[in-house]
Amino acid sequence: MGGRRAARALTAAREPGPGPTTVEDGTVDEGVLLRPTGSQWPDGDGPVVGSVPHVIEVVRPDGGVTAATPAPAGPRAVTGDAGPFRTVATWAPPTTTGRVDVRLDVEHRGDVPTDACIRVRAFLPAAPEAPWWLVPGAFYGENRPAACDRLFPRFEPGADDPARMVSDRWEFRADRAATPAVLAWAGPGGVALVAPETTPVGMTGLGLAHHAATGVGSVHLTFPFREGPVSYAGSATPVPAETSTYRWAPGERVTLRFAVYAMGPDRHAYAPILREEHERVRSGSPLRPWVDVEEAANLAAEGLHRWHYAEPGVLLETVGFDREVSGRDGLSVDRQAMHVGWVSGIPWAYALLAHARRRGKTAAGADAARVVDLICDNLSPSGTFWGVWYAEHGWQQSWSPTAGLLHSRTLAEASLFLARALELGEDVRAAHPGWEAALRSNLDAVVRRQRPDGNLGSAHHAETGEVLSWDGAAGLTWVAALAESERWDGPDGADGAYLAAAVRAGEHYAQFVDREFIHGAPEDVDLAPTSEDGYVAVMSYVALHRRTGEPRWLDLARRAADWMLTFRYAYNTAFPAGTLLDTYAFATRGADNASPSNQHLHAYGLVCTQELAELSAATGDPYYAERAAETLACFRQLVARFDGDFNAYRGMASERYYQTACFQPKGMLLTLSHAWTVGALLLGCEQALARPAALLADPV
């Protein structure tokens, strides 16, 4: 039977009835389950649960299948040989979101211990195009665009190049995912599998595969996890695949639980699924903030000023926890550099200035203003900011091998927070006329370079102003900067050129939100999809809605927020006993995986705290403010309360929390404080203090 017939079989499958449905030893209840047949289903056939074809297998350590729930010869129920394992699968009635909870009871009936894992696979309908994948926080569509110069796992139909991490099938350990789920869409529909991070047999695995010859894709869960065809450890060189198995004792019985969803063709169908799972698991994933919001603001402000501020008016990007240790070749571990935005610079100087004005901290406020002065007084020849200041070399380009390249997101984020600094008061504007001039110079430069289709460019030449790259969505950040610069929008604010450019750009970049693939924001991962792309999109579309009131921008802001929240952990992962994050009971719920390329938890999501609260207010949906409050609660952990706290100094906070096997062993903490880490915490606290009803109450 060909792919068209298979799709019809999926459509014809009946939904489960009002009570649980049980399938035992391959026996199929013909009143509920319907099975497609034919060679297009790889490695054997499987029954349909609701409208989702599936198969349950027992996998040996070498990857071979020792037993599988057998395929019946037709719609009538049959019993087959399940080898040494007996399985009983029980399906509950679907929820309003289409969730079907499954209880899988597995009994080992062999006479000797057996090392094996259980695999549950669900198949997509055959389709001419390759499936679109989602492992929340870890894998998005092709995941790595072909033009991306950073190597990490990429999906490509028919590919098998493990050395370059390109394959048509991937398996991952569940703690790489912000929600342990794997979703896929092809042709007329999609399927999702959701499971706990850990079961009685160990950590769960999440997998996806596409068979180019048949056009059929599948997603699967393994209990316990497998990784392949290689494992990603954070570098361009993969490490060998990791295979974990469970040793089944004779007569042992284990119960596994997971959920299945059948979806339509809309890729945004993940949003209610992940939202439902977050609601289910959050009560079992308590948050443990160490300090309240006011104290966290005080600590972060002290850390930013005490440790990161330095002459001639810069915020050093990193400083070491250990103030005695030397780095490479005896040099300090402190990075003697400052980006104008992103990992340092104006955004965090703005947060310090706002805090200092609120609390009357004159010295901190003056030094924060000096940072902004230094950046605004040293524009590039093309009229924008420079990328980075180095103590040894002065002002230079962004992090790029391309000579003269300035990264659009970095420039735009600096401009956005400069506009916000100018809104702190008339006294600020009067005392710093160079700030207005610098803001206008940046905005005017990028508006002149805007393409007719609205694209604002992702990279610009520092001297000539030539747009060096139009790829990706890094230019989306300019939308927020332009929209929030209403005071400076032409003579006496009457011209409207900035808003017009923001609207054109908002329309252009909407395609990235609609495709559910926003990418290119950070300088260090090229064209990868990242959580930071989500923050940028939320900030920009909320700013457009705030300025215009148009419902289209609000809808794009909501969709962008849903996509951004795919990176946000819905649960607390368990850390290995004795590691630092285990010892301090660090709760991961509310933290974001930085990206599929940079798999560690980070706090940058605090940058859009106020936008998520504003989105909730505008939509009447408290969900977005609640998720922002979770992040604020999460990163009120592990902020040093005193010198020596977790081997840091008061006010320091790490950039990286290692929640999975990437860069460092799980449970470790990067022992560097970053200007943006404490700056983002300070910003989030100040924004929460300005919106106490929405953000100050600790989330449940």
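Because the structure is a prediction, the values reported are computed rather than measured.
The shortest distance between side-chain heavy atoms of Y246 and F223 does not fall below 4.5 Å. Between L556 and D514, some side-chain heavy-atom pair lies under the 4.5 Å cut-off. In this structure, the side chains of L193 and V260 come closer than 4.5 Å at one or more pairs of heavy atoms. Counting heavy atoms from C-beta outward, E550 and L544 have side chains that stay 4.5 Å or more apart. In this structure the side chain of Y623 reaches within 4.5 angstrom of the side chain of R627, judged on heavy atoms.
A salt bridge links R280 with E277; the closest basic N to acidic carboxylate O contact falls under 4.0 Å. Salt bridge R552/E507: present, at least one basic N to carboxylate O contact under 4.0 Å. A salt bridge is defined here as a Lys NZ or Arg NE, NH1 or NH2 lying under 4.0 Å from an Asp or Glu carboxylate O, and R558 with D555 meets this definition.
With no hydrogens or angles considered, a side-chain donor-acceptor pair links T566 and Y140 at under 3.5 Å. Between the side chains of D592 and Y535, at least one donor N or O sits under 3.5 Å from an acceptor N or O. Under 3.5 Å, the side chains of H268 and E516 contain a donor-acceptor pair of N or O atoms. Between the side chains of H602 and S531, at least one donor-acceptor pair of N or O atoms lies under 3.5 Å.
Checked options L183, L134, T97, T179; the residue passing with I273 is L183 (criterion: side-chain contact (heavy atoms from CB on, under 4.5 Å)). Partner of L124 under the side-chain contact (heavy atoms from CB on, under 4.5 Å) criterion, out of P188, P131, S218: P131 alone. Among the candidates L221, L208, T243, T222, the single residue satisfying the side-chain contact (heavy atoms from CB on, under 4.5 Å) test with E171 is T222.
The backbone N or O of R99 sits less than 3.5 Å from a side-chain atom of T95, completing a donor-acceptor pair. Judged purely by atom type and a 3.5 angstrom limit, H519 uses its side chain to pair as donor or acceptor with the backbone of L527. Looking only at distances, no side-chain donor or acceptor of D105 sits under 3.5 Å from a matching main-chain atom of T255.
The distance from atom CE of M165 to atom OG of S167, rounded to the nearest 0.5 Å, is 12.0 Å. Separating the CZ atom in F258 from the CG atom in D101 is a distance of 9.5 Å, to the nearest 0.5 Å. Within the model, atoms OH of Y624 and CG of D562 stand 3.5 Å from one another, a figure rounded to the nearest 0.5 Å.
Residues A521 and V536 share a closest heavy-atom pair of CB-CG2, 4.4 Å.
The aromatic rings of F567 and W563 lie perpendicular to each other, with more than 60° between the two planes, well past the 30° mark.
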Using residues 147-155 as the side-chain source, report each donor-acceptor pair under 3.5 Å to any protein atom, sequence neighbours left out, with the distance given to one decimal.
from: R150; atom 1: NE; to: S597; atom 2: OG; distance (Å): 2.4
from: R150; atom 1: NH1; to: D524; atom 2: O; distance (Å): 2.9
from: R150; atom 1: NH2; to: N598; atom 2: OD1; distance (Å): 2.7
from: R154; atom 1: NE; to: E156; atom 2: OE1; distance (Å): 3.3
from: R154; atom 1: NH1; to: E142; atom 2: OE1; distance (Å): 2.7
from: R154; atom 1: NH1; to: R144; atom 2: O; distance (Å): 2.7
from: R154; atom 1: NH2; to: E156; atom 2: OE1; distance (Å): 3.2

